[in-house]
Amino acid sequence: MTLQIFNVLGREKQPFEPLEPGKVNMYVCGPTVYDYSHVGHAKTYVSFDVVVRYLRFSGYDVLYVQNLTDVGHLLDDGEDRILKKARQSASTPMQVVETYAREYFADMDALGVLRPDISPRASGHIPEQISMIEALIEKGKAYAVNGSVYFDVRSYPEYGKLSNRRIEEQQAGSRELVQDEKRHPDDFALWKRAEPEHILQWESPWGMGFPGWHIECSAMARKYLGDTFDIHGGGVDNIFPHNECEIAQSECANEADFARYWMLVGSLMVPDADGIPVKMSKSLGNFVTIKDALQRQQPQVIRTLILTSHYRSPLTFSDDSFDSAKNGWDRLMGAVRLTRESLRFAEGNDQGNGFEPVLAQTRQKFTEAMDDDFNAPGALAALYELTREVNTLLNADVKPGKAILEAIDQTYRELGGQVLGIVPDALPGGANAEREEKLIRLLIAMRAEARKNKEFAQADRLRDELASAGVLLEDRPDGTIWRIE
RNA sequence: GGCGACGUAGCCAAGUGGUAAGGCAGAGCUCUGCAAAAGCUCCAUCAUGGGUUCGAUUCCCAUCGUCGCCUCCA
């Protein structure tokens, strides 16, 4: 089966056909870097991380661009959020931007999110934005007023096609402030005149000012991906007005289609006081930062939690769902650990090679799920089913040979590691702690001796002491294995 | 009010016109010196009411409920 993608533009699953065979140009709206990122951001960027990883796994050459918004994103009161933060923290805007851009990458790195190929910043692309605005004015799609420039939505009949919104004619008069400058309430700013005290401002044909929030994505996408490209991603909450405006600006300025496939990620929800799920957001204050989440759980567990729900669906984030993901992931890792442990002593025979078909089935089920609009929950299910089979195999009397164990390990590494990013290459407490490992093995040997002599009190003491130090033992017919809790 | 999405077991969550993946939790069993881990077994008729159909959880309509967007948000 070929890859199917649910295209928000048209609201249907469509076979994925890139503009250029084998090559995927992709743009995802990045964060505004004015504060720490929270788990809601993690959901979006982990989701697209898996999309990119799977596309590459499938053989596509992916060029992944994700911007950083560092100017032009205003608050309700018209203040730039970066400037506000700078004022509050007694620093300069670019310090704020630099600080939180680094924190963002640090968080994403910790979550195992691969870096985009290009991470362009809005403030670094002012000329590109200005020239796009000029083109829009020339084509009669935008107009300048008092040093600001607005996009004329009535000049673009397709405005609203992504979010299915119609331009409201009667609503005029319902808006305050800027209203008088706009010809139509739905017109949006391409360029804003800056007051003298506004620190972030640039020269333009219309005087000193700064770009509107939406134009950056249009300008940068065109610069790095061309007029028309394959996939545009983001969170659903930006479908209107942001994504809609991007389309309008780009298609008018470029006189070409913008993104061919739109993929929007469902929001992360948090139960409110009454247990009703509400979107996690900065403004509501119901957020958990990625740093806090990482304090509580391993990054792979956070990814697992995110992947238990389809990317388009909302996902409720709670202690229960967190624990559930953690316990499931532990079982997965148990099988991975057992496989790698068994590999240490495996012989080079073909014992257990009858297991091959299970691996083939796993791969098939996995890719079928992922080919169906990146159905990660289905792909995860394939890994869980594999895990049951692997545990059965490794707990049986026959000792599987090296070949099949390596094949199993490889399957986990590729599907669970390379694609989903939940199976680490090196298990915690592995070979890099050689001395510790030796000590643990010594204690295990001492306990084995005690057990042999039926000195169970002594044996239990060793096990309990190790457990209290975070080293958990498991007795198996052929010896004792351990893991770090 | 407009637009969109959704309502599947105790919880989370896939999916299909022919009686429903997976995970967590729970119960029983096996293995074990005891544990731990693992495995096996058990646990839903898919919000409600109509309609289409040989047959619907899956298609259509209505109702109820929830969420998102419409103003800043990934």
Side-chain angles (χ1 to χ4, degrees), chain A residues 8 11 28-32 37-48 66 69 73-79 81 160 162-166 168 171 175 186 213 233-242 244 264-269 276-284 287 304-305 307-310 312-318 320-332 334-335 337-338 365 369 372 375-385 387-396 451 454-456 459-460 463-464 467 472-477 480-483:
Chain A
V8 179
R11 316 248 171 199
V28 171
C29 288
T32 301
S37 301
H38 58 65
V39 187
H41 300 105
K43 179 177 190 291
T44 297
Y45 300 120
V46 166
S47 296
F48 283 114
Q66 185 192 108
T69 297
H73 199 163
L74 308 183
L75 290 161
D76 280 347
D77 54 15
E79 183 168 19
R81 39 216 321 145
L162 184 71
S163 59
N164 280 324
R165 229 164 276 255
R166 301 206 155 279
E168 287 294 338
Q171 270 223 295
R175 302 226 184 155
D186 283 356
W213 173 36
V236 255
D237 44 1
N238 275 335
I239 187 170
F240 189 91
H242 184 63
E244 203 68 74
L264 301 179
V265 176
S267 299
L268 187 76
M269 315 295 279
I276 295 169
V278 180
K279 196 178 82 168
M280 177 179 284
S281 73
K282 205 108 228 170
S283 49
L284 289 177
F287 58 91
T304 301
L305 172 61
L307 298 177
T308 55
S309 134
H310 187 94
R312 278 193 280 125
S313 304
L315 169 68
T316 302
F317 181 81
S318 67
D320 281 352
S321 61
F322 221 176
D323 289 346
S324 174
K326 150 89 174 140
N327 291 336
W329 182 76
D330 276 347
R331 188 163 70 84
L332 213 57
R337 181 180 301 108
L338 196 51
K365 195 177 168 189
D372 183 11
N375 187 341
L380 257 186
L383 288 186
Y384 279 116
E385 284 168 18
T387 294
R388 191 175 57 238
E389 299 292 342
V390 167
N391 279 322
T392 300
L393 175 75
L394 298 183
N395 286 305
R451 291 175 72 208
K454 307 252 185 243
E455 294 161 2
F456 294 122
D460 288 351
R463 182 175 59 194
D464 293 346
L472 304 182
L473 303 190
E474 287 176 29
D475 292 336
R476 298 173 50 77
T480 299
I481 63 171
W482 59 278
R483 64 192 157 97

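Convention: sequence-line order gives letters A, B, ...; per-chain numbering from 1. Note that the structure is a prediction, hence the values are computed from the model and not measured.
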Under the criterion salt bridge (charged side-chain N to carboxylate O under 4.0 Å, His left out), I'd like the reasoning laid out for A/K326 against A/D323: C-alpha separation, chi angles, the key distance, then a yes or no. CA-CA 5 Å; A/K326 150 89 174 140; A/D323 289 346; over 6 Å; no
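- When each of B/rC69, B/rA21, B/rA13 is scored by its nearest atom to the side-chain atoms of A/E385, the top-ranked nucleotide is B/rA21.
- Listed candidates were B/rG68, B/rG39, B/rC24. Nearest to the side chain of A/R388 is B/rG39.
- Checking the phosphate oxygens (OP1, OP2) of B/rC24, no side-chain nitrogen or oxygen of A/N327 falls inside 4.0 Å.
- Here the nucleotide nearest the side chain of A/S313, chosen from B/rA36, B/rA74, B/rA14, is B/rA14.
- Mapped onto RNA chain B by nearest heavy atom, A/S281 and A/R11 fall at different nucleotides, with A/R11 at the one closer to the 5' end.
- Here the side chain of A/I276 is nearest to one of B/rA14, B/rA74, B/rU66, namely B/rU66.
- Proximity note for A/N238 (side chain, C-beta onward) versus B/rA74, B/rG39, B/rG2: the nearest is B/rA74.
- For A/K365, whose side chain is taken as the heavy atoms from C-beta onward, the closest listed nucleotide among B/rA74, B/rC24, B/rA21 is B/rA21.
- Spacing between atom CE of A/M269 and atom C1' of B/rC6 amounts to 10 Å, rounded to whole angstrom units.
- In the set B/rA74, B/rC24, B/rA21, the nucleotide with an atom closest to the side chain of A/K279 is B/rA74.
- Residue A/D475 places a side-chain atom within donor-acceptor reach of the base of B/rC34, judged by atom type and a 3.5 Å distance cut-off alone.
- Annotation: of the two residues near RNA chain B, A/D320 and A/E474, the 5′-most nearest-nucleotide partner is A/D320.
- For A/V278, counting side-chain heavy atoms from C-beta on, the closest listed nucleotide (B/rG68, B/rC40, B/rA21) is B/rG68.
- Within the nucleic acid shown, A/S321 has no heavy atom closer than 4.0 Å to any nucleic acid atom.
- The base of B/rG22 lies outside donor-acceptor range of the side chain of A/N375, with no N or O pair under 3.5 Å.
- The side chain of A/D460 lies closest to B/rC34, out of B/rC34, B/rC3, B/rA74.
- Phosphate contact (OP1/OP2 of B/rA36, side-chain N/O of A/R463, threshold under 4.0 Å): absent.
- Checked by distance alone, A/R451 brings a side-chain donor or acceptor within 3.5 Å of a matching partner on the base of B/rG33.
- Counting non-hydrogen atoms under 4.0 angstrom, A/K282 reaches nothing in the nucleic acid.
- A/Y384 comes within 4.0 angstrom of sugar-phosphate atoms only, judged by non-hydrogen atoms across all strands, and of no base.
- Of the candidates B/rA38, B/rA74, B/rC3, the closest approach to any side-chain atom of A/N164 belongs to B/rC3.
- No engagement by A/S47 is indicated, since no non-hydrogen atom pair under 4.0 Å with the nucleic acid exists.
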